[in-house]
Amino acid sequence: MSEMEDRWLSITEICKYLGVSNDTVYKWIDRHEMPAHRMGRLWKFKKDEVDEWVKAGGAAEHYKKES
């Protein structure tokens, strides 16, 4: 059976995909509104949502969540 193309990614997988640490991803979720979804105690990610967020400058240092 082939791997599904549009499956949910774990924190480890999204870190590997983006080339950053777990701490960086948790910071982006908290401070930069990185698209992430809670499933119980786990964070899950859609690759296409994260790609769009990165392209829109979501991971840039100057991007801050309004609160």
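What you are looking at is a predicted structure, and each value in this text was computed from that prediction instead of being measured. Any value given below was found using the heavy atoms of this structure, including those in side chains, with hydrogens, waters and symmetry copies removed.
- Applying the salt bridge (charged side-chain N to carboxylate O under 4.0 Å, His left out) test to residues at least two apart or on different chains, none of the pairs has a partner in residues 35-45.
- The other members of the hydrophobic cluster of Trp8, by chain and number, are Met39 (side-chain heavy atoms under 4.5 Å, ILVMFWY only).
- A 4.5 Å side-chain heavy-atom check between Val25 and Val20 finds at least one atom pair inside the cut-off.
- In terms of modelled atom types and a separation under 3.5 Å, the side chain of Trp53 and the main chain of His32 share a donor-acceptor contact.
- When the side-chain contact (heavy atoms from CB on, under 4.5 Å) test is applied to Val54, the partners found at least two apart in sequence or on another chain are Leu18, Val50.
- By the side-chain hydrogen bond (donor to acceptor under 3.5 Å, both in side chains) test, Glu52 is found to be paired with no residue, residues two or more places apart in sequence or in another chain being considered.
- Taking the side-chain contact (heavy atoms from CB on, under 4.5 Å) definition, one finds that Tyr17 meets it with Ile14, Lys47, Asp51, sequence neighbours left out.
- Scored by the side-chain hydrogen bond (donor to acceptor under 3.5 Å, both in side chains) test, Asp48 finds no partners at all (sequence neighbours excluded).
- Closest approach of Lys46 to Arg7, counting heavy atoms only: NZ-C, 4.2 Å.
- Atom CE of residue Met34 and atom CZ of residue Phe45 lie 5.0 Å apart, to the nearest 0.5 angstrom.
- Remark: Thr12 pairs with Ser10 by the side-chain contact (heavy atoms from CB on, under 4.5 Å) rule, at least two apart or across chains.
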